[in-house]
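Just so we're on the same page: letters track the sequence lines, and every chain starts at 1.
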Number of protein chains: 2
Amino acid sequence: MRNDGETIELIERLARLVTNEGHAHGLKPAQWEALRYLARANRFSRTPGGLTAYLGLTKGTVSQTLMSLERAGLVEKTANPGDARSVQLGLTEKGRALLPLDGMATIQKAFEALPQPLRATLGDGVAALVTSALAARSGRAFGICHDCRHFAADARGPGQHYCRLLKQPLEDAEAEQICQEQEAA
Amino acid sequence: MRNDGETIELIERLARLVTNEGHAHGLKPAQWEALRYLARANRFSRTPGGLTAYLGLTKGTVSQTLMSLERAGLVEKTANPGDARSVQLGLTEKGRALLPLDGMATIQKAFEALPQPLRATLGDGVAALVTSALAARSGRAFGICHDCRHFAADARGPGQHYCRLLKQPLEDAEAEQICQEQEAA
DNA sequence: GGATATGGTATCGAGTCAATACCATTGGAG
DNA sequence: CTCCAATGGTATTGACTCGATACCATATCC
């Protein structure tokens with residue numbers, strides 16, 4: 001029988017495996033994490049500050065990583081209309097093309113090789129553990145927009161949603177992205 | 001409902017949380033992983049080569065990390081009787097004293113806060129995923145000695161076990177440690 | 001309109017990591 | 001028994017990560 005200590009060791013091992021996969025195609029783990037985040041985050045969250053909160057690092061570190069990605073032509077910065085201090089981040093064509101080559105695909109394949117009841121079960125367990133660990137460090141959830149308590153579906157007509165917190169309209173596609181401000185409904 | 005893609009995102013997030021916890025007490029994540037490995041590995045596996053295989057890194061990298069730990073007085077090297085090329089690693093008193101301050105304790109607490117059926121379930125899922133991911137990269141399991149097909153229980157009397165592969169006697173305590181050579185029974 | 005908060009960047013030092021080169025010892029094969 | 005390839009480690013280099021600290025511009029609040 002497996003005891004709790006062994007499970008912790010396995011979680012540690014899994015974390016190492018994920019990190020190791022992050023060296024695909026000459027990029028570094030932190031760079032891949034930034035790329036994946038930018039591919040999934042909505043326009044309110046695609047900023048250096050958003051990425052900093054997501055990764056749980058300091059802003060100086062994240063600024064460095066973003067500069068290296070910008071130098072490599074994978075990420076571009078544009079001015080944020082409405083706040084001249086802030087910066088909007090986005091993937092370039094080249095950056096987007098790199099996404100399918102992500103080393104996480106290896107983990108994903110291993111995951112998909114598991115029988116179905118186990119997959120669902122693992123999802124539940126990991127979700128609960130992440131929630132619990134995030135709560136312990138008072139970190140944000142970065143959940144999906146449409147699962148948020150500030151989300152108003154079809155508030156402006158079919159497919160025209162609305163964020164009550166940021167007072168902004170939302171397209172269908174955006175409702176599927178992750179958001180800095182998301183709070184469970 | 002959660003789909004498979006979301007589970008992968010959560011696994012990625014969990015890996016980042018584990019890595020972030022690795023900065024406790026001025027050490028780095030890789031240094032903590034080395035310390036934990038040395039605390040759990042048996043005498044056949046407590047070598048730079050064993051740690052290299054466990055972490056899935058190159059030997060040069062691991063050599064660097066071990067040197068920094070030796071400079072800090074947390075790890076000590078002794079000659080390996082029987083092979084003058086090899087080195088035996090061990091934790092110093094100071095290194096052993098540091099173990100309970102491990103940042104993984106935070107993750108462990110979050111894990112223990114989960115209700116029981118979920119804990120067991122998560123353990124099963126993570127075990128299966130790690131096994132599957134390791135197989136994909138043909139990595140070793142580093143399982144517990146007494147679960148190995150080379151393990152002969154009480155072969156030399158009660159509590160006097162034996163490794164058929166390395167042809168070495170094993171004490172009770174060693175049978176509970178992880179081993180480089182372990183293969184599921 | 002000035003204090004303070006916020007979003008980012010610049011710089012430094014220690015560490016990580018792969019790659020390459022290198023050095024001993026070991027263990028075969030002739 | 002002597003080469004010689006394989007094995008276990010270390011040394012060095014260069015790009016990147018990361019926290020800490022300092023700093024700058026724009027926003028916001030009184």
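- Within 3.5 Å, no donor on the side chain of B/S68 pairs with an acceptor on the base of C/dG15, nor the reverse.
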Any chance you could lay out the side chain to side chain donor-acceptor pair (under 3.5 Å) test for B/H161 and B/D172, step after step, and finish with the verdict? CA-CA 7 Å; B/H161 320 298; B/D172 262 347; 2.7 Å; yes
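- The residue A/V87 sits close only to the backbone: its heavy atoms come under 4.0 Å of sugar-phosphate atoms, none of a base.
- Between A/S86 and C/dG7, a side-chain N or O to OP1/OP2 separation shorter than 4.0 Å is absent.
- Atom P of nucleotide C/dG15 and atom CD of B/E33 are separated by 16 Å, given to the nearest angstrom.
- Side-chain proximity of B/P48 to the nucleotides D/dT10, D/dA11, D/dA27 is greatest for D/dT10.
- Regarding A/L55, its CG atom lies at a distance of 8 Å from the P atom of D/dC18, rounded to whole Å.
- In this structure, B/T61 reaches the C/dA18 phosphate: one of its side-chain N or O atoms is under 4.0 Å from OP1 or OP2.
- When each of D/dT17, D/dC16, D/dG19 is scored by its nearest atom to the side-chain atoms of B/H23, the top-ranked nucleotide is D/dG19.
- Between B/G56 and B/R71, it is B/R71 whose nearest contact on DNA chain C lies nearer the 5' terminus.
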Determine, step by step, whether A/R36 and B/E9 satisfy the salt bridge (Lys or Arg N to Asp or Glu O under 4.0 Å) criterion, reporting the C-alpha distance in whole Å, the side-chain angles of both residues, the deciding distance to 0.1 Å, and the verdict. CA-CA 9 Å; A/R36 285 193 292 261; B/E9 293 179 23; over 6 Å; no
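- Comparing atom distances between the A/Q31 side chain and each of D/dT17, C/dT26, C/dC17 picks out D/dT17 as nearest.
- Closest approach of B/Q180 to B/S45, counting heavy atoms only: N-OG, 2.8 Å.
- On a pure distance criterion of 3.5 Å, a polar donor-acceptor pair joins the side chain of A/R85 and the base of C/dT6.
- Taking atom CD of residue A/E70 and atom P of nucleotide C/dG8, one finds them 13 Å apart after rounding to whole Å.
- In the hydrophobic cluster analysis, where Ile, Leu, Val, Met, Phe, Trp and Tyr join through side-chain heavy atoms closer than 4.5 angstrom, B/L10 is grouped together with B/I8.
- The nearest whole Å value for the distance from the NZ atom in B/K77 to the P atom in D/dG9 is 9 Å.
- Mapping A/R16 and A/Q64 onto DNA chain C by nearest heavy atom places A/Q64 at the nucleotide closer to the 5' end.
- Across the protein-nucleic acid pair, B/K28 atom NZ and D/dG19 atom P stand 9 Å apart, rounded to whole Å.
- Classified by interplanar angle (parallel below 30°, tilted 30° to 60°, perpendicular above 60°), the ring pair A/Y37/A/Y54 is tilted.
- Along DNA chain D, the nucleotide nearest to A/K59 and the one nearest to A/G26 differ in position, and the one closer to the 5' end is contacted by A/G26.
- When each of C/dC17, D/dG9, D/dT26 is scored by its nearest atom to the side-chain atoms of B/T47, the top-ranked nucleotide is D/dG9.
- No engagement by B/N80 is indicated, since no non-hydrogen atom pair under 4.0 Å with the nucleic acid exists.
- Sequence order on DNA chain D of the closest nucleotides to A/A30 and A/G82 puts A/A30 first from the 5' end.
- Protein atom CG of B/L74 is 14 Å distant from nucleotide atom C1' of C/dG15, rounded to whole Å.
- For the pair A/H25 NE2 and D/dA15 P, the computed distance is 21 Å after rounding to whole Å.
- Remark: P of C/dG15 and CG of B/L66 are 13 Å apart, rounded to the nearest angstrom.
- Other residues, nucleotides and ligands contribute more than 12 heavy atoms inside 6.0 Å of the CD atom of A/Q116.
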